[in-house]
Asks: 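One structure is given below, represented as C-alpha cells, and several questions about it will come after.
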Amino acid sequence: MACIAILVPGLVGGSAGATCMRAALSRLTPGTLRHLTLTSTMKSKRKTDHLERTASVVRREVVAAAKVCGTASESPSVKSLCLLVADKDFSFKAGQWIDFFIPGVSVVGGFSMCSSPRLLEQERMIELAVKYTNHPPALWVHNECTLGSEVAVRVGGEFFFDPQPTDAPRNLVLIAGGVGINPLLSILRYSADLHREWANKRSGYEIGTIKLFYSVKNTSELLFKKNILDLVSEFPEKIACSLHVTKQTTQISAELRPYITEGRITEEEIKDCISNETLFYICGPPPMTDFFSKQLENNHVPKEHIFFEKWW
C-alpha cells in the first residue's frame with residue numbers, strides 16, 4: 001500500500017534521493033535475502049493470517065530483497081512506506097499485493113501496493129500504506145521500521161488491471177472502502193500513466209474514463225487525497241472522483257468540498273455507471289464488497305466485468 005516521491009519530498013531528487021537509490025541498487029547478498037525469508041516462517045496460527053487466506057492464490061516465484069527508503073504518515077492510523085527493489089526480475093501488475101517477509105517476525109504480512117508499475121520500472125520503487133493493527137507485520141511497520149530497514153517481498157494476487165495495447169478501450173469504476181483504496185490507487189495511477197503515454201505517443205493502450213468512489217468515516221481518513229485530486233485536475237476529461245464520508249463531525253475544507261458526499265456510496269450511483277464497456281473493481285470490507293458485487297450482478301453486469309478483493 002503507499003509512499004511515492006510525491007509523498008516524501010526530496011526522496012528521489014537531490015543528494016538524499018541519489019544516496020538512497022545507489023544504496024538500494026547495490027544488491028543485497030544471497031545470505032541476507034535467505035535470512036529474511038527463512039526467519040519469516042510460512043506457518044500460520046491465525047485463521048485470518050494472510051498466507052492462510054491466500055494459500056490457493058498464484059504467486060510469482062521471485063522473492064526479492066527490498067530496502068525502506070521513505071516513510072510518511074498518511075492518516076492518524078496509516079503509515080506509508082517507500083521500498084527500493086533492485087532485483088530487475090521483480091515486477092507486478094496494478095492492483096496486486098505482496099507477501100512481506102520481516103526479519104525476526106514469524107508472521108508474514110500481506111499488503112497491497114498502491115503505486116503504479118511504471119514507478120517500479122522507472123525508479124525501482126514500490127509503495128505501501130499500512131493501517132495500524134495488532135497484527136505483527138503492521139506493528140513492525142508502525143513501531144520498528146526505519147529508513148534502511150531490510151525486508152523481502154514476493155508478488156501475488158488475482159485482482160489486477162493489465163490491459164494489452166491491442167485491447168479495446170474500457171471504462172473503469174473503482175469502488176474503495178477504507179484502506180481498500182490501496183490496490184485501486186495503483187490501478188488509478190497506472191491508468192493515468194497509460195493515458196499520458198497514449199496522449200504523448202498515440203501508442204500503447206487507450207484507456208476510457210475512470211470514476212473513483214471512495215468511502216471512509218471522515219476526511220482525516222481519506223488516504224492520498226492530494227494525489228487523487230491532482231489526477232482529477234490533470235485529466236478532468238478522463239478521471240473523476242466521489243469521496244464519501246459517513247461520520248464527519250468537523251468542517252470540510254473548501255478544497256475537498258466539491259468532491260465530498262456525506263453518506264455511504266449508494267447502489268444508484270454505481271448503477272448510473274453501468275455500460276457494456278465498463279469494468280468494476282471493488283476493494284473494502286467484506287460486507288461492502290459482497291453488497292456491490294451482488295448488486296452489479298443483479299443489474300446484469302457480466303461476472304467477467306466485476307473484480308473484487310476483500311480485506312479483513
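The model shown is predicted, which means the values in this text are computed figures rather than measured ones.
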Asks: Would you please test Leu229 and Leu256 for side-chain contact (heavy atoms from CB on, under 4.5 Å) and show each step?
Replies: CA-CA 9 Å; Leu229 296 186; Leu256 283 176; 3.8 Å; yes
Asks: Measuring from Glu127:CD to Phe111:CZ, what's the distance to the nearest 0.5 Å?
Replies: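 Glu127 atom CD to Phe111 atom CZ measures 15.0 Å (nearest 0.5 Å).
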Asks: Is there side-chain contact between Cys241 and Phe213, with at least one heavy-atom pair below 4.5 Å?
Replies: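 Heavy-atom side-chain distance check fails, nothing below 4.5 Å.
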Asks: Which value, rounded to the nearest 0.5 Å, describes the distance between Ser56 atom OG and Glu158 atom CD?
Replies: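 The OG atom of Ser56 sits 7.0 Å away from the CD atom of Glu158.
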Asks: Tell me every residue that passes ring-ring contact (aromatic ring centres under 6.0 Å, His included) with Tyr281, counting only those two or more places apart in sequence or in another chain.
Replies: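 Partners of Tyr281 by the ring-ring contact (aromatic ring centres under 6.0 Å, His included) criterion, ordered by chain and then number, come out as Phe159, Phe307.
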Asks: Mind checking the CZ-OG spacing from Phe160 to Ser186? Nearest 0.5 Å is all I need.
Replies: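 Answer for the CZ-OG pair, Phe160 versus Ser186, is 12.0 Å.
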Asks: Going from CG on Leu243 to CD on Glu262, what distance comes out if it is rounded to the nearest 0.5 angstrom?
Replies: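 The CG atom of Leu243 sits 12.0 Å away from the CD atom of Glu262.
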Asks: Is there a side-chain contact between Ile282 and Val173 in this structure, where contact means two heavy atoms from C-beta onward sitting under 4.5 Å apart?
Replies: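 A side-chain contact is absent here, since even the closest heavy-atom pair is not under 4.5 Å.
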Asks: Is any side-chain heavy atom of Tyr259 closer than 4.5 Å to a side-chain heavy atom of Val232?
Replies: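 In contact.
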Asks: Using side-chain heavy atoms (C-beta onward) and a distance below 4.5 Å, is Lys238 in contact with Leu231?
Replies: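 Answer no - side chains too far apart.
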Asks: Salt-bridged, Glu268 to Lys271, with N to O below 4.0 Å?
Replies: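 Not counted as a salt bridge, because no side-chain N and carboxylate O are separated by less than 4.0 Å.
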Asks: Could you check whether Thr250 and Gln248, counting side-chain N and O atoms only, form a donor-acceptor pair closer than 3.5 Å?
Replies: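 Distance-only check passes for Gln248 and Thr250.
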Asks: Kindly determine whether Lys294 and Asp290 satisfy side-chain contact (heavy atoms from CB on, under 4.5 Å), including the steps that lead there.
Replies: CA-CA 6 Å; Lys294 183 64 175 177; Asp290 291 342; over 6 Å; no
Asks: Determine whether Ser242 and Glu269 satisfy the following criterion, side-chain contact (heavy atoms from CB on, under 4.5 Å), listing intermediate values before the conclusion.
Replies: CA-CA 10 Å; Ser242 179; Glu269 290 176 282; 3.8 Å; yes
Asks: Start with the C-alpha distance between His244 and Thr246, add both sets of side-chain angles, then the distance that settles side chain to side chain donor-acceptor pair (under 3.5 Å), and finish with yes or no.
Replies: CA-CA 7 Å; His244 289 245; Thr246 59; over 6 Å; no
Asks: Is His135 close to Val107 at the side-chain level, that is, under 4.5 Å between some pair of heavy atoms?
Replies: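 They are in side-chain contact.
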Asks: Please determine whether a side-chain nitrogen of the Lys or Arg among Lys225 and Glu255 lies less than 4.0 Å from a carboxylate oxygen of the Asp or Glu.
Replies: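 Glu255 and Lys225: not salt-bridged.
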Asks: Tell me whether Asp87 is salt-bridged to Arg124, with the criterion being a basic N under 4.0 Å from an acidic carboxylate O.
Replies: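 Salt bridge flag = no for Arg124 with Asp87.
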Asks: For a 4.5 angstrom cut-off between non-hydrogen side-chain atoms, does Phe90 reach Ile126?
Replies: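 In short, these two side chains touch, coming nearer than 4.5 Å.
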Asks: Could you go through the side-chain contact (heavy atoms from CB on, under 4.5 Å) check for Leu174 and Leu188 one step at a time?
Replies: CA-CA 8 Å; Leu174 312 177; Leu188 179 65; 4.0 Å; yes
Asks: Checking side-chain polar atoms at under 3.5 Å, does Asn276 have a donor or acceptor matched by the opposite partner on His305?
Replies: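 Result is no, nothing qualifies.
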Asks: Name the residue from Trp97, Phe101, Phe100 that meets the ring-ring contact (aromatic ring centres under 6.0 Å, His included) definition with His50.
Replies: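 The single option meeting the ring-ring contact (aromatic ring centres under 6.0 Å, His included) with His50 is Trp97.
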Asks: With sequence neighbours excluded, what pairs up with His142 under the ring-ring contact (aromatic ring centres under 6.0 Å, His included) test?
Replies: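 With sequence neighbours excluded, His142 shows a ring-ring contact (aromatic ring centres under 6.0 Å, His included) to Tyr132, given in chain and number order.
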Asks: To the nearest 0.5 Å, what is the distance between OH on Tyr190 and CG on Leu119?
Replies: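 Result: 13.0 Å between the selected atoms.
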Asks: Measure from NZ or CZ of Arg189 to the centre of the six-membered ring of Phe224, then state whether that distance is under 6.0 Å and the direction lies within 45° of the axis.
Replies: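 Yes, Arg189 and Phe224 form such a contact.
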Asks: Decide yes or no for Lys211 and Asn171: does some side-chain heavy atom of the first lie under 4.5 Å from some side-chain heavy atom of the second?
Replies: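 Heavy-atom side-chain distance check fails, nothing below 4.5 Å.
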Asks: For Gln251, look at atom CD and say whether over 12 heavy atoms of other residues, nucleotides or ligands are found less than 6.0 Å away.
Replies: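 Open: at most 12 neighbouring heavy atoms sit under 6.0 Å from CD of Gln251.
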Asks: Do the side chains of Arg154 and Asp99 get close enough for a salt bridge, i.e. N-O under 4.0 angstrom?
Replies: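 Yes, this pair counts.
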Asks: With a 4.5 Å cut-off on side-chain heavy atoms, are Phe292 and Ile265 touching?
Replies: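 Answer yes - side chains close enough.
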